[in-house]
Amino acid sequence: MVARRLEAFGTTVFAEISRLAVEHGAVNLGQGFPDFDGPEVVKEAAIEAVRAGHGQYAPMPGVPGLRRAIAGRHGGWVDPDAHVTVTAGCTEAIPSVLLGLVDPGDEVVLFEPYYDSYRACVAMAGATPRFVTLRAPDFTFDEVELRGAFSAKTKAVLVNTPHNPTGRVFTREELECIGRLCEEFDAIAVCDEVYEELVFEGEHIRMVDLPGMRERVVTMSSLGKTFSLTGWKIGWVVAPEELTRGVRAAHQFLTYAVNTPMQHAAAVALGMGDAYFDELRAGYRAKRDLLCDALGGLGFGVRKPAGTYFVLADHSGFGFGDDVAFCKHLIEEVGVAAIPPSAFYENKAEGKDLVRFAFCKREETLVEAVGRLGRLKG
Ligand code: GLN
């Protein structure tokens, strides 16, 4: 039995594809997790924190040292006590924000393709989603279409930049356009910035840093992508005091508090110097180029993503009916797992020619995947 508000969403595509990847022994370019480990100093810090006896509940909003480190990543305005809440990955930040700030009957604007959690959490909050499509090949939005999605009932718009799965990094003009609509319709912007350090072209602009936006922006991020530690499930929300009240109102009853020793280690991670982030980006740029160049050579329609560790490629040259059929063939016959992006669209047809590959993998994994993809007939 599944509650009616959730039954339409089935099993998340990430769990489904991960299961099939294991079952078929496929090289897994599906779910976005690195097949390499996070920094040794951070792992050591976690072991140290366990040894030091941090074995009990953390404070509900998070360990103070981690909240200070998170505040330090923003401008001086962020107060660790009043504005920062630590969550169980960004995945818990999403329902904390939506359940804590959105009422049944409110509307929430989502850009599609959207990360599947957003859609399900809007439903759990009893809110109504309004969709705006980012279309290939640029994956930008139409201002008129966006305006049409806002109404007097709009409570929030969800903005994910850098964007999963398209790899788009939203420009200042795009973010300003969204911001103007938030002001006009008195809505908040809920920004998922978990790929903030993975930008190869352009720059990551925080919506909250745009003039006049501080009081209406909630920023969510996490440790997972930046430190190759997706399994640690440490995330956070930065929001003005008034909005933090709502976030914590939900967070306290979802998880109450997050894994204590990992929070201590996360504070160490956030203290790492620029060299770490530069190396991370350089490594991912090389992986992006390796995979994208190979996909292009094999006959996929591909543009290098400006950010994230995903590439959304066009598979229509291979003659499959849709993304689900293509990904099934890939896993079962080619031995490579990828994500069928129609899972991220309300209008499934918009995603049918696309396939999402993750390149957060060791070079040898990517080379093996590319070798197998050579079995495809273009
Ligand atoms: N963010 C990851 C991705 O897009 C998936 C996380 C999850 O499995 N829920 O691949």
Side-chain angles (χ1 to χ4, degrees), residues 6 9-22 26-36 38 87-98 110-124 134 139 158-169 190-199 220-237 254-255 258 280 284 287-288 291 305-313 323-324 327 330-331 336-345 351 354-361 365-366 369:
L6 282 173
F9 307 118
T11 302
T12 172
V13 68
F14 302 111
E16 199 58 22
I17 294 293
S18 296
R19 185 183 65 76
L20 290 171
V22 171
V27 179
N28 194 352
L29 305 190
Q31 192 182 30
F33 64 90
D35 68 349
F36 45 87
T87 55
C90 185
T91 306
E92 193 233 333
I94 298 162
S96 293
V97 169
L98 292 173
L110 298 180
F111 291 95
E112 66 171 6
Y114 49 72
Y115 180 52
D116 64 350
S117 267
Y118 306 155
R119 176 70 187 85
C121 289
V122 166
M124 285 197 269
L134 304 171
F139 296 111
L158 231 145
V159 184
N160 172 214
T161 183
H163 184 261
N164 173 12
T166 64
R168 256 324 288 293
V169 176
V190 177
C191 301
D192 175 348
E193 304 188 354
V194 297
Y195 300 97
E196 61 190 311
E197 297 293 345
L198 302 183
V199 174
M220 311 182 292
S221 194
S222 75
L223 203 71
K225 282 71 179 174
T226 304
F227 295 96
S228 310
L229 293 167
T230 60
W232 282 30
K233 303 299 291 176
I234 299 285
W236 54 84
V237 182
L254 287 173
T255 54
V258 174
L280 178 82
Y284 272 125
K287 293 174 194 301
R288 175 193 72 159
L291 183 63
T308 77
Y309 49 46
F310 303 114
V311 53
L312 199 56
D323 59 323
V324 173
C327 287
L330 270 196
I331 295 184
V336 174
I339 299 289
S342 56
F344 308 144
Y345 286 89
L354 303 171
V355 52
R356 192 195 80 173
F357 294 101
F359 54 82
C360 44
K361 307 292 169 183
T365 309
L366 294 172

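Below, all heavy atoms of this structure are taken into account, side chains as well, without hydrogens, waters or symmetry copies. Note that ligands are numbered from 1 as they come in the structure, with each ligand's atoms numbered from 1 the same way.
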- Tell me, please: is Thr12 in heavy-atom contact with ligand 1, that is, under 4.0 Å? no
- Query: Does ligand 1 have any atom sitting under 4.0 Å from a heavy atom of Tyr115?
  - Reply: yes
For [X], the ligand 1 atoms whose distance to one of its heavy atoms is below 4.0 Å:
X      : value
Phe310 : 3 (C), 4 (O), 10 (O)
Gly32  : 3 (C), 10 (O)
Gln31  : 7 (C), 8 (O), 10 (O)
Lys225 : 1 (N)

- Note on the structure: With heavy atoms and a 4.0 Å threshold, my read on which part of Tyr195 contacts ligand 1 is side chain
- Examine the proximity of ligand 1 to Asp116 and report which part, side chain or backbone, both or neither, has a heavy atom under 4.0 Å away. neither
- Audit row: Thr12, Asp116, side chain to side chain donor-acceptor pair (under 3.5 Å) steps and yes/no: CA-CA 7 Å; Thr12 172; Asp116 64 350; 2.5 Å; yes
- Within 45° cone and under 6.0 Å: Arg356 NZ/CZ vs Phe310 ring: yes
- Item | Distance under 6.0 Å and angle within 45° of ring axis: Lys225 vs Phe33 | no
- From the list Tyr195, Phe36, Phe359, Phe357, ring pair (Phe, Tyr, Trp, His ring centres under 6.0 Å) partner of Tyr309 resolves to Tyr195
- Task: Apply ring-ring contact (aromatic ring centres under 6.0 Å, His included) to the pair Tyr115 and Phe14, showing each step before the final yes or no.
- Result: CA-CA 11 Å; Tyr115 180 52; Phe14 302 111; 5.8 Å; yes
- Would you say Pro113 and His163 make side-chain contact, with heavy atoms under 4.5 Å? yes
